[in-house]
Amino acid sequence: MIHSLFLINHSGDIFLEKHWKSVISRSVCDYFFEAREKAVDPENVPPVLQTPHHYLISIYRGKLFFLSVIQTEVAPLFVIEFLHRVADTIQDYFGECSEGIIKDNIVTVYELLEEMLDNGFPLATESNVLKEMIRPPTILRSVVNTLTGSSNVGDTLPTGQLSNVPWRRAGVKYTNNEAYFDVIEEIDAILDKSGTTVFAEIQGVIEACVRLTGMPDLTLSFMNPRLLDDVSFHPCVRFKRWESERVLSFIPPDGNFTLMNYHVSSQNLVAIPVYVKQSISFFETGPCGRLDITIGPKQTMGKTVENMMVTIHMPKAVLNANLTATQGTYTYDLTTKVLVWDIGKLNPQKLPNLRGSLSTQVGVPKPEDNPSLNIDLKIQQLAISGLKVSRLDMYGEKYKPFKGVKYLTKAGKFQVKMLCTAHFSTNWRSEYI
Amino acid sequence: MLDSNKDSLKLEAMKRIVAMIARGKNASDLFPAVVKNVACKNIEVKKLVYVYLVRYAEEQQDLALLSISTFQRGLKDPNQLIRASALRVLSSIRVTIIVPIMMLAIKEAASDMSPYVRKTAAHAIPKLYSLDPEQKDQLIEVIEKLLADKTTLVAGSVVMAFEEVCPERIDLIHKNYRKLCNLLIDVEEWGQVVIINMLTRYARTQFLNPNINESLLEEGSGGDKTFYGSDEDEDEDEEEKEKNAEAPAMAKRKPYVMDPDHRLLLRNTKPLLQSRNAAVVMAVAQLYFHLAPKAEVGVIAKALVRLLRSHSEVQYVVLQNVATMTIKRRGMFEPYLKSFYIRSTDPTQIKVLKLEVLTNLANETNISTILREFQTYIKSMDKDFVAATIQAIGRCATNIGEVRDTCLNGLVQLLSNRDELVVAESVVVIKKLLQMQPEKHSDIIKHMAKLTDNIQVPMARASILWLIGEYCEHVPKIAPDVLRKMAKSFTNEEDIVKLQIINLAAKLYLTNSKQTKLLTQYVLNLAKYDQNYDIRDRARFIRQLIVPTEKSGALSKYAKKLFLALKPAPVLESPFKDRDHFQLGSLSHLLNAKAGGYQELPDWPEAAPDPSVRNVEVKDSVRAVGTVPEWTKCSSREKRKEKKVEKPFYSDSEGESGPTESADSESDSASGSESGSGSEESGSGSESVESEEGSESEEEEEDEEEKNKKKKKKELKKPVQEIKLLSLFPVEPAPSPQVTPVNTFLSNSLVTDLEGLSLSDTVLSPATIAPSSALKNYELLHRITGEGLSVEYCFSRQPFSPDANMVAVQMQFTNNATSDTKNLHMEDVKLQSGMRVKEFPEIELLPAGETAAAVMGIDFCDSTQAANFQLCTHTKKFFVSIQPPVGELMRPIFLTENEFKKEQGES
């Protein structure tokens, strides 16, 4: 199983190491650095590497590499999933998962790692259990700690591990009992040059924030559960109940957690909230090109589209952009060749437009790669799939909780392929198609 | 600071030390100072000292021994968590001298009362094993013992220990197989992964290949099956499978009947596809891929596609596995074709893998869409990816004859692309394609010959030269000219190009010696003095072969045959071919090389080993006493079946997944292995109940007799559905069944009904509550603590007649002692406020070896508080308590729909 863990920052320094079995020298990371050199982007480093004596499995999160050393056969996903869990836990504890934060809390992180794995096999990975053993730092507590000299380590022994609901700690008490559910949907879509949908699907997630006293047993039901095509649950959800009745029945963990992920099948028609009219052209002669983008609302179900943002990765030959935006602001990063147009709220009466000229490198043939538009947007109070929570019932406790559901639609991987007008025709397979 | 009296100072010091360790700095010289604090009272200091000890004990063995006594003391602590942590640290100290102490501690902890301590013991086993492999035999004993453990907490850890210490001892699993299957869903996610992987191997050794008959049928028909999502479809599948099984049966083959245990494994792992943990999903997916009948494998596709939304590392691993799966089972992923479309933001390695999958999925029907998609990829900025796309187009073209020409034309167009890499890659691919049918494409070859002036990429140049040489007859005019140009630039070429120039020269010399004789001589002379010895060798060899001299031997006669022989076209195939001999999802599969400690996935056995090894002695005496007379008549097969049915109650979210179950029993009867004698009234009766409870669409295959029974069932069904509505109300903790209360109520009531007992709650003596095998028995008093008297209880889930508010608790007294027990009664009931108890009538005499039953009623007042009381015999008193799982507190109520709505409105 997992032998050792190294945390490596962007520039290649190892700033934390933890060994669960005997110590493995840092030099093993050299193989990793070699691979890191070869790959241009950090995302392109192969997650699994083979070295003469070890196997290295790494993940890249928050500009950090979590590199684990394995000696024998183990399912790679097991390790990858665990490393992500480590990163999640750190994020949960300190608000973010970055080098600075980890360095500041190095002892706590080390203790966490000690608890999470025993002899390379996961022991306690539920954040509710961990928090009982090692308390997360808060400002108040750190003040109290410096004054009184008391500690972060829980003096009560963790009981969560012993119960059959390991995700919930015992003896939770709140004066305000509340349960909030956020239904967040992301549209993944690829639109082709003419604006027709090549591929679209909706991925949803229900994030919950539950602060309830005692051992509540919740049942969440939907108006239209048949919409959901594929689901995955937090371990607290009872599978069979879902299978037979299509309701979510669970004893919730305390605090924030992801209750379920779902997928709305691509067979259903996915409403695309915006349309994009765009064209980009480069003149055969002269070092310039033209760009023209207009965005308008399409199927928004009467809600306003907010936080609109368009990102375009320009071809390398584009030196600069001289554009005018009727709404919002645009920036063009000269080094990364990324054009970002921040629109904000979408006004259906006055459609935002961005047009102007692009200056290209002189002497270089006109760029032929097609850039694509990545669109980011948000629609409050709308789940684009039409999913609706019908009711939340609580059993097992006597008080009346405060309940709330919020809907949000976002663009996930929303891509529009650009129309490149002055481009030579490459429809060479159209005769077959 | 460590010597200070103040805890805060010590803590500060320890924190600094641990920070040093974390940064990888050596802190070993502080060992003596730190180890002194091992007995420190402050829990945080203690923890940090432990951390330090575990890290450095190996280096400072003698000093580490000082701390051992502290842990030994900890092992005896009354608090289970302290015992566990002491064992954990003790076993983590890698000092060989303490091996005997560790062994002792592990053995003791393995029989600890607390499951948590037992779990820690399981964790300690591989630690000790790696420290001293000679302890293996003793450790296996401990593992065997822990494998028999029934708690979910232990299961995962002990299987992990099993995998590390003795994966070859598959015989240890037999007895625990069914238990593991049933517990699986409640085990923590990491344990699930380990258990599923182990069970995959186990199943491969114990069960027959479910596809053995289908493999006889046409491969294509199975492969192109579309994905079946809904349950009804699956039902059809089952039927189809049966048909498939029947077809070869006519060809004098034994029909395949899936072992019920095999089915059990498949059924119990299926819900885990919905896990949030990618590793669990992958584990189930590989289990299905390796073990499930072809028609059922489809269910995993959806889950795997879901994982593609996850982190890129997860995608990477999943796509590797999907790529392997698509080669064997293409149909499975075809509906999800679009999910593998590539986004410009994907990392290159993901893009390449997706391409691989798309290529594998390509067939006559979808090739046009795929090619259109590929076409857009070619314009990507990521050049490695573009190269891979061109390769993929080439593979599509070789695999699917219809599009070969279209692809070739497209690729030729790419030859005029501005990017050299694109052109080079196209050349290489075109070369491979042309080899298949060179006659038609001499114009392409001509076109490519022109490219030699521009293309600089060695591989591409070499490919063009080879092509021209190979097909010089098709381009008789151009070829010598190309050779001329090449001869000019020979010295500046790369090695592979030089070799091909020599090749070309040789071939031209043989076909067209008039024009090229001198050129060839020239090239060979140049090559003779080349720096690279391969080229020198090649030149010498070719000269001897083709230039006729008086010395040249018999070979030169055959030179033409040698060089101009027809070469078979290369087969472009996936690098993922044949990877499936590795267990999917494993590290070895990913690397396509055997990783250390990899356990081969065994082949299916020719004949199934004896399935009875998995039978477990069922100790619940209730059923034995109640039903033995009938059951003894039944065939052993049915017995196993019954046990299987009863077992799932160890686990939480039970509830027969109907269609598969019914199909199971159908195929059972189809196989005719059931001895269908009429005396098994109750046996077959309960079996049809079982299938009825799952699927409502049961075919009317049963004979006349059973139709009568069916009517009764239908009468009963109505209230049952009402009750199902009610089950919106129940409030249950995780470990108790969700749907089962309903289902078992049904089956119970049916059983009782069939036996001619009415369901009215007026008649209720202990005898009339038929002890049902489907109810979970809880232990009230163990045989040892009870000095021979053991008491088990179960919630009979039937109304308690004397008081409607009470829950009926069925008690089962067994006297295992040698002497009789008298005056069994209860006393001194301690209850929470509001709770009430109706005591069971005193049992005057319970002779040795006999069993008696009684019913008591408890009003738990809707709480899960335990009812404590003393159980008294004529000599002894035992303190016992009954604590109900919430699910047992429910009572079925009959409601009309309107009433239900009213109730619902109120709540």
Side-chain angles (χ1 to χ4, degrees), chain A residues 16-17 22 26 43-44 46-48 50 55 59 71-78 80-81 84 106-107 110 114 118-119 121-122 149 151 153 155 157 161-162 164-165 190 199 203 217 230-235 238-241 244 251 263 266 365 369-370 372 395-396 413 415 428-429 432-433, chain B residues 8 15 18-19 22 24 43-44 47 51 58 81 88 116 123 126-127 160 190 193 271 274 276-279 282 302 306 309 311-314 316-317 338 341 343-344 347-349 368 371-372 375 379 381 406 410 413 418 585-588 590-591 595-598 653 655 731 734-735 738-739:
Chain A
L16 191 149
E17 60 177 71
S22 34
R26 283 179 171 216
E43 285 94 2
N44 275 340
V48 182
Q50 192 174 12
Y55 304 95
I59 63 161
Q71 263 184 329
T72 51
E73 167 68 46
V74 59
L77 268 185
F78 185 92
I80 289 169
E81 189 75 11
H84 277 296
I106 198 157
V107 177
Y110 198 84
E114 176 80 29
D118 180 22
N119 193 38
F121 190 78
S151 68
V153 171
D155 37 11
L157 290 154
Q161 269 178 321
L162 307 174
N164 38 31
V165 274
I190 304 178
F199 167 72
Q203 302 282 349
D217 192 317
D230 184 35
V231 286
S232 72
F233 299 123
H234 189 274
R238 297 172 183 123
F239 286 122
K240 290 290 173 183
R241 195 76 196 280
S244 59
I251 295 176
H263 171 260
S266 40
D369 354 76
N370 262 359
S372 55
Y395 308 97
K413 294 169 180 168
Q415 226 173 59
W428 39 266
R429 267 176 225 108
Y432 183 81
I433 298 153
Chain B
S8 58
K15 275 191 172 169
V18 169
I43 194 151
E44 186 164 19
K47 261 194 172 170
V51 167
E58 208 170 359
L81 288 155
R88 201 179 143 202
Y116 184 62
H123 274 271
K127 296 185 203 168
M160 188 269 302
W190 311 108
V193 179
Q274 249 74 57
R276 65 164 170 179
N277 188 321
M282 190 63 230
K302 200 189 265 183
R306 184 184 68 230
R309 278 277 297 179
H311 303 285
S312 76
E313 295 86 5
V314 176
Y316 176 78
V317 179
K338 285 187 172 176
Y341 280 8
R343 296 164 192 286
S344 57
T348 309
Q349 46 188 348
S368 60
L371 282 182
R372 205 178 322 160
Q375 202 178 325
K379 289 172 222 149
M381 291 181 235
T406 339
Q413 282 194 24
R418 211 179 305 115
S586 67
L587 187 61
S588 307
L590 190 86
L591 298 165
Y598 172 73
S653 10
V731 179
Q738 268 303 334
V739 192

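In what follows, chains are A, B, ... by sequence order, proteins preceding strands, each numbered from 1. Values in this document were obtained by computation on a predicted structure and should not be read as measured data.
- Your options are B:Glu58, B:Arg309, B:Lys338, and the one with the most heavy-atom pairs under 4.5 Å with chain A is B:Arg309.
- Using a 4.5 Å cut-off between heavy atoms, A:Gln415 touches chain B through its side chain atoms alone.
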Could you walk me through whether B:Asn277 and B:Met282 pass the side chain to side chain contact (heavy atoms under 4.5 Å, CB included) test, one step at a time? CA-CA 9 Å; B:Asn277 188 321; B:Met282 190 63 230; over 6 Å; no

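- Both the backbone and the side chain of A:Ile59 have a heavy atom closer than 4.5 Å to some heavy atom of chain B.
- Of the two parts of A:Phe233, the backbone and the side chain both hold a non-hydrogen atom closer than 4.5 Å to a non-hydrogen atom of chain B.
- Of all heavy-atom pairs between A:Gln71 and A:Tyr55, the closest is O-CE1, 3.8 Å.
- In this structure, the portions of B:Tyr598 lying under 4.5 Å from any heavy atom of chain A include both its backbone and its side chain.
- Between chain B and the residues A:Gln50, A:Glu81, A:His234, the largest count of heavy-atom pairs under 4.5 Å involves A:Glu81.
- Contacts of A:Phe121 with chain B are made by both backbone and side-chain atoms, with heavy-atom separations under 4.5 Å.
- Listed by chain and residue number, A:His84 satisfy the side chain to side chain donor-acceptor pair (under 3.5 Å) test with B:His311 (two or more places apart in sequence, or in another chain).
- Of the listed residues (A:Val231, A:Val74, A:Thr72, A:Val48), the greatest number of heavy-atom pairs within a distance under 4.5 Å of chain B belongs to A:Val231.
- Judged purely by atom type and a 3.5 angstrom limit, A:Glu73 has no side-chain atom pairing as donor or acceptor with the backbone of B:Ser586.
- Taking chain B as the reference chain and counting heavy-atom pairs below 4.5 Å, the highest number among A:Pro46, A:Pro235, A:Pro76 is found for A:Pro76.
- Side chain of B:Gln349 to backbone of A:Glu43: a donor-acceptor contact under 3.5 angstrom is found.
- Partners of A:Asp118 under the salt bridge (Lys or Arg N to Asp or Glu O under 4.0 Å) rule, at least two apart in sequence or in another chain, are B:Arg88, B:Lys127.
- Ranked by heavy-atom pairs shorter than 4.5 Å toward chain B, the options A:Asp230, A:Ile190, A:Leu16 are led by A:Asp230.
- The two residues A:Tyr110 and A:Glu17 come nearest to each other via the heavy atoms CE1-O, 3.5 Å.
- If you tally non-hydrogen atom pairs under 4.5 Å between each of B:Pro271, B:Ala19, B:Ser312, B:Gly585 and chain A, the highest count goes to B:Pro271.
- For B:Val314, the parts lying under 4.5 angstrom from a heavy atom of chain A are both the backbone and the side chain.
- A donor-acceptor contact shorter than 3.5 Å is absent between the side chain of A:Asp217 and the backbone of A:Gly396.
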